[in-house]
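Before any comments, here is the structure.
Counting starts at 1 for both ligands and their atoms, following the listed order. The basis for the numbers below is simple: all heavy atoms, side chains too, and nothing from hydrogens, waters or symmetry mates.
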Amino acid sequence: MSDAAFVDTLRAIVGPAQVLVGGDLAAYEADWRKRYRGRALAVVRPGHTDEVAAVVRACAAAGVSLVPQGGNTGLVGGGVPNDSGRQVLLSLGRLNQVRQVDVDNLTLTAEAGCVLQAVQDKAESHGLLFPLSLAAEGSCTIGGNLATNAGGTQVLRYGNARELCLGLEVVTAQGDIWHGLTGLRKDNTGYDLRNLFIGSEGTLGVITAATLKLFPRPATSVTAMAACESVEAAVGLLNLARDRLGPGLTGFELMERFALSLVERHFPQLPRPLPGAPWTVLMEYAGTESEASERERLASALEAALEQGLATDAVVAESIAQSRALWHVRESIPLAQSEEGLNIKHDISLPVSAMAGFVPRMAARLHATTPGARVVCFGHLGDGNLHYNLQAPEGVPAAAFLTEHEPRINELVYDEVQRLGGSISAEHGIGELKREELAQRGSPVALGLMRAIKTALDPAGIMNPGRVI
Ligand code: FAD
Ligand code: ZN
């Protein structure tokens with residue numbers, strides 16, 4: 001079939017206005033970090049699951065591969081087409097209905113293209129909580145969150161996207177629809193297909209809808225920041241906070257001074273709560289009692305931390321506005337970093353017990369091998385997940401720095417992560433960026449099993465080929 005005839009087939013399925021060919025397609029073809037820029041044969045925007053299935057069938061018949069895309073906020077280059085000009089970019093943005101909220105069952109069923117924030121708002125309108133939360137929540141989608149098993153800032157209490165999903169609707173690589181939208185908390189009927197598709201980054205099928213877990217909203221939520229002298233002290237503070245606050249501790253974020261200085265430089269209008277602290281911790285605590293007494297409880301935990309030398313200073317937010325402002329500072333780090341220029345990203349996880357050794361050891365090695373390189377270290381300490389990124393030395397062109405140093409710096413960081421029993425991808429996934437790394441470092445047995453699954457579900461290899469494995 002000629003390209004023109006194939007595009008006509010797609011137009012017949014979704015309507016001519018929903019097939020984009022030529023023109024400026026940068027919003028679909030370039031990734032959020034502007035590291036990958038491909039070219040699509042066509043961008044197709046189905047409005048219904050049946051249309052998704054028909055598009056997949058048309059692609060399968062024509063031997064054309066597909067790249068699913070939600071909000072295009074992914075950080076590993078997995079959601080944009082390659083540069084062959086032969087792939088269909090399947091944009092799920094028009095599948096944006098919340099199909100059902102079941103208050104008694106504490107579930108919400110949303111289509112894949114629903115923006116995360118819209119789902120949070122919908123839950124809130126029913127007096128409930130959907131706890132997945134990350135800085136891209138204004139544009140990332142539920143489908144993308146599940147396809148990457150996103151983490152974010154509330155994992156400590158509520159888990160990753162995987163833990164928040166009870167059922168899926170999926171279009172398979174053959175164009176069949178799997179209606180798996182159960183809201184069941186118990187269902188042991190054979191292999192766990194849901195968990196196979198979650199985290200598969202569009203390589204096994206297209207997620208078209210999901211049934212998600214909701215939670216009661218906490219009565220009160222209190223935010224605090226603490227200044228720490230070292231990662232070791234921050235880990236001590238984490239233990240103390242867990243001990244004093246129990247499961248109410250919902251978030252525990254760590255930020256190094258340089259990461260915050262980039263926020264200051266690029267977003268000078270934002271507050272600077274504890275200026276000069278080598279390390280800053282952001283804590284979120286959700287309590288069941290009155291705001292005053294829960295704030296008191298958090299404040300007394302922080303006082304104990306000051307007495308024990310785990311923190312040198314602390315502030316407790318006095319209002320929702322202050323709390324938002326503190327979170328805004330944390331969430332602005334990735335944006336400030338991209339304003340500063342291209343950088344080398346590592347999204348690593350380690351046992352929390354290994355953090356205090358890893359950070360200074362790694363900094364010393366990088367200092368010795370790559371003088372002037374600027375480490376931007378921040379992340380979800382409570383989950384053992386650090387974003388350990390590197391920015392070119394001040395004044396050095398970023399692109400040249402990456403070309404020259406990225407492979408060696410990755411090797412240095414990942415060797416140490418592996419030695420400590422950690423992971424080279426904690427929450428962002430593998431995509432294009434880390435595929436080679438996974439091939440080299442992954443367990444051969446695990447990789448063999450992954451390939452067998454891929455071949456079984458997508459024998460023609462049309463679902464996001466070349467990503468993950
Ligand atoms: P996209 O970028 O469109 O796609 C991501 C991957 O999923 C691609 O491989 C794509 O092919 C696949 N995919 C998308 N939709 C579907 C679907 N319906 N069916 C099958 N496959 C699909 N991530 C975290 O985990 N934690 C964070 O704290 C975090 N913070 C971030 C902050 C910023 C500022 C930014 C830009 C990103 C952040 N991310 C974070 C990464 C990103 O936002 C998440 O991975 C998000 O879940 C991706 O959703 P998306 O809709 O944008 O997916
Ligand atoms: Zn993160």
Side-chain angles (χ1 to χ4, degrees), residues 27-28 30-34 36 46 49 52 56 65-81 87 89-96 110-117 119 132-155 160-162 168-173 197-210 251 253-255 330-339 345-349 378-383 385-389 425-433 435 463-468:
Y28 301 97
D31 76 321
W32 189 86
R33 290 173 68 201
K34 308 281 177 275
Y36 298 96
T49 301
V52 175
V56 174
S65 62
L66 299 107
V67 182
Q69 187 182 88
N72 196 13
T73 68
L75 298 175
V76 291
V80 290
Q87 297 190 298
L89 190 286
L90 185 72
S91 170
L92 280 306
R94 288 179 63 233
L95 267 73
N96 60 3
E111 293 182 344
C114 283
V115 169
L116 172 56
Q117 198 165 48
V119 171
L132 187 66
S133 178
L134 43 116
E137 65 199 20
S139 42
C140 66
T141 63
I142 290 299
N145 298 149
L146 289 167
T148 59
N149 185 25
T153 52
Q154 304 246 55
V155 175
N160 289 327
R162 185 187 298 288
L168 286 183
E169 180 186 88
V170 171
V171 170
T172 69
F197 288 106
I198 296 175
S200 67
E201 301 182 50
T203 61
L204 299 180
V206 184
I207 296 171
T208 50
E253 302 284 308
L254 182 69
M255 300 164 276
R330 157 66 184 88
E331 288 176 345
S332 299
I333 296 174
L335 299 166
Q337 229 201 318
S338 61
E339 289 291 311
K345 277 203 180 349
H346 306 108
D347 161 38
I348 56 174
S349 65
F378 64 100
H380 321 285
L381 184 64
D383 315 325
N385 175 194
L386 283 185
H387 298 308
Y388 194 86
N389 305 338
S425 174
E427 60 174 6
H428 296 159
I430 297 295
E432 178 94 24
L433 183 69
R435 190 194 51 200
M463 291 305 311
N464 213 357
R467 270 61 197 262
V468 185

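A side-chain contact (heavy atoms from CB on, under 4.5 Å) with L92 is found for one member of T141, I207, V206, I142 and no other, namely V206. A side-chain contact (heavy atoms from CB on, under 4.5 Å) with V76 is found for one member of E201, E432, R467 and no other, namely E201. Screening V56, L66, L90 for a side-chain contact (heavy atoms from CB on, under 4.5 Å) with V171, the sole residue that qualifies is V56.
N464 and G78 get closest at one heavy-atom pair: ND2-O, 2.9 Å. Annotation for L134 and A150: closest pair CD2-CB, 3.9 Å, computed over non-hydrogen atoms. Taking all atoms of both residues into account, the shortest heavy-atom contact from M463 to A173 is CG-CB, 3.7 Å. Residue E137 comes nearest to S133 through the heavy atom pair OE1-OG, 3.1 Å, listed as atom of the first residue, atom of the second, then distance. The shortest heavy-atom contact between A210 and L146 is CB-CD1, 3.4 Å. In terms of heavy atoms, E111 sits closest to L95 at CB-O, 3.1 Å.
The shortest N/O to N/O separation between T73 and ligand 1 falls below 3.5 Å. In terms of polar-atom proximity, S139 is not counted as a contact of ligand 1, lacking any N or O under 3.5 Å from an N or O of the ligand. In terms of N/O distances under 3.5 Å, ligand 1 is not approached by C140. Distances between N or O atoms of G70 and those of ligand 1 include at least one value under 3.5 Å. Looking at ligand 1, you'll find an N or O of G78 within less than 3.5 Å of one of its N or O atoms. Considering backbone and side-chain atoms alike, A112 places every N or O at 3.5 Å or more from each N or O of ligand 1. For ligand 1, the polar-atom distance check finds an N/O of I207 within less than 3.5 Å of one of the ligand's N/O atoms.
Residue nearest to atom 26 (N) of ligand 1, selected from E427, H380, R33, H387: E427 (by heavy-atom distance). For the residues L89, T141, I430, the heavy atom positioned nearest atom 51 (O) of ligand 1 is part of T141.
Within the structure, ligand 1 lacks G431 among the residues with a heavy atom less than 4.0 angstrom away. Contact analysis leaves R467 out of contact with ligand 1, as no non-hydrogen atom separation drops below 4.0 angstrom. For S200, the closest heavy-atom approach to ligand 1 does not fall below 4.0 Å.
Residue-ligand proximity, T148 to ligand 1, at heavy-atom distances under 4.0 Å covers atoms 5 (C), 6 (C), 7 (O), 45 (O), 47 (O). Residue-ligand proximity, A136 to ligand 1, at heavy-atom distances under 4.0 Å covers atoms 32 (C), 33 (C), 35 (C), 37 (C), 43 (O). With ligand atoms numbered from 1 in the order given, ligand 1 contributes 20 (C), 21 (N) to contacts under 4.0 Å with heavy atoms of G202. Listed by atom number, the atoms of ligand 1 under 4.0 Å from G205 heavy atoms are 20 (C). In the vicinity of A135, heavy-atom distances shorter than 4.0 Å reach the ligand 1 atoms 32 (C). Ligand-side atoms of ligand 1 in range of G79: 8 (C), 9 (O), 10 (C), 11 (O), range being under 4.0 angstrom from any heavy atom. When each atom of ligand 1 is checked for a heavy atom of Q69 under 4.0 Å away, the hits are 3 (O).
With a 4.0 Å cut-off on non-hydrogen atoms, N464 touches ligand 1 through its side chain and not its backbone. Proximity of A150 to ligand 1, defined as any heavy-atom pair under 4.0 Å, is shared by backbone and side chain alike. Contact annotation: for H428 versus ligand 1, heavy atoms closer than 4.0 Å belong to the side chain alone. Residue-level proximity to ligand 1 for L92 is carried by the side chain, the only part with a heavy atom below 4.0 angstrom.
Atom CG of L168 sits about 8.0 Å away from atom CZ of F197, to the nearest 0.5 Å.
Residue-level check: among N/O/S atoms of E427, OE2 sits closest to the Zn ion (ligand 2). Checked against the Zn ion (ligand 2), the N, O or S atom of H387 at the shortest distance is NE2.
With hydrogens left out, the protein atom closest to atom 12 (C) of ligand 1 is A147 CB, 3.7 Å, a heavy atom. With hydrogens left out, the protein atom closest to atom 10 (C) of ligand 1 is P68 O, 3.1 Å, a heavy atom. Given atom 2 (O) of ligand 1, the protein heavy atom at minimum distance is G74 N, 2.7 Å. The closest protein non-hydrogen atom to atom 53 (O) of ligand 1 is G144 CA, 3.5 Å.
The side-chain heavy atoms of K34 and S338, taken from C-beta on, include no pair separated by under 4.5 Å. Residues Q337 and R33 fail the side-chain proximity criterion, which asks for heavy atoms closer than 4.5 Å.
No donor-acceptor pair under 3.5 Å is formed between the side chain of D31 and the backbone N or O of N72. Between the side chain of N149 and the main chain of R162, a donor-acceptor pair closer than 3.5 Å is present. No side-chain donor-acceptor contact under 3.5 Å links N145 to the backbone of A161.
Between H428 and H387, the ring planes lie parallel to each other; the angle is under 30°, not in the 30° to 60° tilted range.
Checked for salt-bridge contact, E253 and R330 meet the test: a charged N lies under 4.0 Å from a carboxylate O.
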